[in-house]
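Chain letters run A, B, ... following the sequence lines, proteins first and then strands; every chain starts at 1.
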Amino acid sequence: MLKYAIKRFLLIIPIILGVTVIVFTIINIIPGDPAQRILGVGASEEQIRELNHRLGYDRPFIERLFNYVRDIVTRFDFGSSYQNGDSVVYKIRLNFPYTLKLTVLQVIAYAVIGVTLGVLSAVKQYSALDNVVRVVSVSLAAFPGFWVYMIAILLFSLKLGWLPSSGVESWKGYVLPVACSAILASAGLQRLTRTTMLESIRQDFVRTARAKGCAEGTVIWRHAFLNAMLPVLNQVGISFGMMLGGTVIAETVFAMPGLGSVIVNAIQSKDVPVVMGCSIFLAVIFCVIVVLLDLASAAVDPRVKAKFVKQ
Amino acid sequence: MKDTKANAAAIDVRDLYVEYRTDDAVVRAVNGISFRLEKGRTLGLVGETGAGKTTTALALMRLLPDRVSHVAGGEIYIRGDDVMALPDRTMNLIRGEIISMIFQDPMTALNPIMTVGDQIKESLKIHNSEKRSEREIDARVDEVLELVGIPAERKKDYPLAFSGGMKQRIVIAIALACSPDILIADEPTTALDVTIQAQVLALIDELKQKLGTALLMITHDLGIVVKTCDDVAVMYAGQIVEYGSVQQIFSPGDHHPYTEGLFGAIPNVRSKARRLTPIEGLMPDPTALPEGCKFSPRCPKCMEICRTQEPAESERDGHRLKCHLFGGEAHE
C-alpha cells in the first residue's frame, strides 16, 4: 500500500510539469505584452521596451520557460508579480486562506446536501419526495450561478436584511456564497448518488443483510451506501478541485478576497509569474486530492485495492 | 415465547398468493399454495425456473421487493406467528435468529466491502439475546467458520479472496450463525461444482441433525431431493401440483404428469433410452396464465376438462395431487 501511495505521489511531478508548459505557452500566446498593459496606451515605445527588458520579457519564449522552471526547481522561486513586484508566494499566502475556507465550506455543504437528498430519493424512489427533489434540483442546476447569487443578495441582504451582501468580516459573509453554490452544485451529486444507490439497493447482498435481521437504517447506510460510495466520493473530490478554481464568480459578486480574482486579474494584465504560480499551486492541490481519493478508494474497497496493490 | 408456540408448525403456509406488479402487467408468481413444515423435518420445493419457488421463500422471510411485489392473499405462520401482521422490528428479530435463508448466488450474496468475519458477526450482534461479550461473539464467528470448513483465521479476508464454493460456505455460515430454528436453502448448490455440492449438502444435513432445524430445500435437482428431503412439493406455475413424502413421489404409482415429465428429463444410466424426454414447451407466461389447469398446454395427457376447469386437489395418505386425472373417483 505504501509503495502504491509513493508511486502515485511521484506521478504528480510529470503532470505538474505538463501543466507548467501548457499554461506558460497559453499565456504567452495571448496578444500584447505586460509592459504595454502596465504603462497603458500613453507610454512610448522606448518606455515599453525598457520595462519589458527589466521584466525579462524580451528574451525568447523557450529561454523564459526554461528559466522559470529552473528557478522553481533550484531555488523554489516562483518569481514576483510584473505589476507591483510582490512575490507570488506571498500573494498566494495572502489570498489562498479565504479561497480554501470558502471552498471547504462549499464542499462540505455540497456533499451533505447532495448525498442526503440522493440517498433519500433512492430509498423512496418515485415517492412525492423523490419527485420534488429531482425536479427542484434539476431546475436549480439550470440557473446560472451568478444570477442565483444576485437574486440571493437581493432577497436575503437587501430585502430581508438577514445577511451581509459582501465582505468576510464575520461568518455571516460566507453563508450566502456557500449556500448558493452548494445547492446549485449538489444537483449533480444528488443524481449520481441516487443512481448508484438505486443500483446498490437492488444487490443481493443487501437482501442478505435484511435476511440477517439488520434494521433498515443499517441496511441502507452500512450495506447499500458504503457500496455506492466510491463514485460519490470521487465526484466530491473532483468537485473540490473544480470549486477551488471556480471561486472567482462568488468572489466577484460578494466582493470577497481570494485566489480566483487574483488569477483573473493577472490574466487580464498578462502577469505571467502570478498566473503561473497560482495555476501550478492549484494544479498541485488538485493532483494531491485525486491521489488521496484513489488511496481512500483503495482503503474502502478491497476490490479497488486488489487491482493496484500486490499482496 | 418459544415454549408457548412449541406445538406450532415451523412453517405453515395457507393459500398463499404473490403478485409482481409492473407498469403494464401483473405477474402471478405464486397462486394459492399451502404447505406445512414441522420442526426437524425437511421439505423439498421442486420445480423449473420461474415456478415461484424463490418468491415463496422470500414471502416467508417477508423479503419480497417493495413496491413491485406483494402478498395478494393467504396467510404465513412462522412458528405460530402471523408473518404478515408482525411489526417490522419484530420481523427483524425473527429474521436471522428464527428463520434464516441461504441464498442462491454466492457470488453476489456477500457484501464485497466487508470482511466475511464482520458479516457473520453482524448477525450475531443483532440477535444477541444471550448477552454475549465481544470476545464470545468472536469465538462464535470462529466456530461457525470452522463448522463450514473454513479456517477461522480467514475471517479477516474480503469475499473477493474466496472461491465460489467457499463463498457459498460463508453464505451458509451467515445463515447458521444464530442457530436458526428454520432454514430456507434456495438452490444452495446450483452455483457449485459437483464435488463441492456433495460437501455442502453433507454439511447442511449434518447441521440439521445437530440442531434439529426445520429445512425448506428449494431446488430443481431431484437427486438432491431424494438425498435430503422427507417431503416434496412439486411446484408448477406458482402452484403445488403434487405433494407427498419422498417415498410417495419417487415410487411408481399415481403421479402428476408434470412430475412424471420431470423424472423423464433426468438421465439414467440404467435405462436403455437413447435420449432424454424433455417436457415439451415452456412454463406459461405468468402475466397470462392459461385457464383451467396451468399445465394443460404442455400436458401429454391433457383432456377437454383440463382446458376449462381448474383441477381440485385430491388426497390419499398425505399424497396430494392437483390433476383431473385423479380428481374424485379416478384417484380412489
Side-chain angles (χ1 to χ4, degrees), chain A residues 1 120-131 194 196-234 295-311, chain B residues 23 54 57-58 60-68 88-116 118-128 156-161 167 170-171 174-175 177-178 180 183-184 186:
Chain A
M1 192 72 187
L120 282 179
S121 248
V123 172
K124 311 243 177 257
Q125 194 190 6
Y126 300 133
S127 67
L129 174 94
D130 181 28
N131 290 331
R194 180 177 182 272
T196 54
M197 264 308 271
L198 282 177
E199 206 174 293
S200 179
I201 271 175
R202 282 165 178 62
Q203 298 275 322
D204 283 355
F205 62 78
V206 170
R207 194 173 61 187
T208 309
R210 287 211 171 89
K212 272 188 235 178
C214 287
E216 196 57 21
T218 315
V219 172
I220 298 298
W221 291 102
R222 192 191 294 168
H223 291 274
F225 179 68
L226 283 185
N227 271 281
M229 205 183 65
L230 278 194
V232 174
L233 190 71
N234 275 292
L295 295 180
S297 303
V300 173
D301 193 330
R303 290 165 300 182
V304 176
K305 191 173 171 183
K307 249 187 254 171
F308 300 115
V309 184
K310 286 187 211 104
Q311 270 157 345
Chain B
D23 280 343
T54 302
L58 291 178
L60 290 173
M61 299 279 293
R62 213 165 88 188
L63 282 177
L64 286 168
D66 281 354
R67 278 190 333 102
V68 292
D88 284 349
R89 189 177 284 255
T90 319
M91 197 61 218
N92 283 340
L93 293 177
I94 288 180
R95 281 190 209 124
E97 178 161 21
I98 311 249
I99 181 165
S100 244
M101 184 158 171
I102 299 171
F103 289 98
Q104 193 167 4
D105 187 353
M107 305 315 252
T108 57
L110 294 171
N111 187 337
I113 62 169
M114 248 172 126
T115 64
V116 299
D118 283 346
Q119 295 191 51
I120 297 172
K121 201 166 162 180
E122 194 176 29
S123 177
L124 288 163
K125 280 192 158 169
I126 296 166
H127 307 291
N128 196 2
K156 292 207 169 62
D157 285 341
Y158 290 92
L160 72 113
K167 279 186 192 151
I170 293 160
V171 171
I174 292 174
C178 299
L183 187 61
I184 302 174
D186 186 4

Reported SG-to-CD1 distance for the pair A:C214 and B:I126, which is rounded to 0.5 angstrom:
3.5 Å
Looking at chain A, which one of B:M101, B:M91, B:K125, B:H127 has the largest number of heavy-atom pairs inside 4.5 Å, strictly under?
B:H127
Output for pair (A:Q203 CD, B:L110 CG), nearest 0.5 Å, gives 12.0 Å
At a 4.5 Å cut-off on heavy atoms, which part of B:S100 comes close to chain A: side chain, backbone, both, or neither?
neither
Just verifying a value: how many Å separate A:D301 CG and B:I113 CD1, rounded to the nearest 0.5 Å?
6.0 Å
Distance from A:D204 atom CG to B:M107 atom CE, nearest 0.5 Å?
12.0 Å
Closest non-hydrogen atom pair between B:N92 and A:A215, with its separation:
ND2-CA, 3.6 Å
Working for side-chain hydrogen bond (donor to acceptor under 3.5 Å, both in side chains), residues A:H223 and B:Q119:
CA-CA 10 Å; A:H223 291 274; B:Q119 295 191 51; 5.9 Å; no
Greatest number of non-hydrogen atom pairs under 4.5 angstrom with chain B, of A:R207, A:R210, A:R303, A:Q125, falls to A:R207
Evaluate whether atom CD of A:E199 has more than 12 neighbouring non-hydrogen atoms of other residues, nucleotides or ligands under 6.0 angstrom away.
no
Could you tell me which portion of B:R67 (side chain, backbone, both or neither) has an atom closer than 4.5 angstrom to a non-hydrogen atom of chain A?
side chain
If we define contacts as heavy-atom pairs under 4.5 Å, which of B:S123, B:G96, B:A109 has the most with chain A?
B:A109
To check you understand the geometry: which heavy-atom pair defines the closest contact between A:P302 and B:P112, and what is its length?
CG-O, 3.2 Å
Euclidean distance, B:D66 CG relative to A:K124 NZ, rounded to 0.5 Å:
9.5 Å
Let me see the working for B:N111 and A:N227 under side-chain contact (heavy atoms from CB on, under 4.5 Å), right down to the final yes or no.
CA-CA 8 Å; B:N111 187 337; A:N227 271 281; 2.7 Å; yes
Give, for atom CD of B:E122 and atom NZ of A:K212, the distance between the pair rounded to the nearest 0.5 Å.
4.0 Å
Chain B contact via A:R222 - which portion, at a heavy-atom distance below 4.5 Å
both
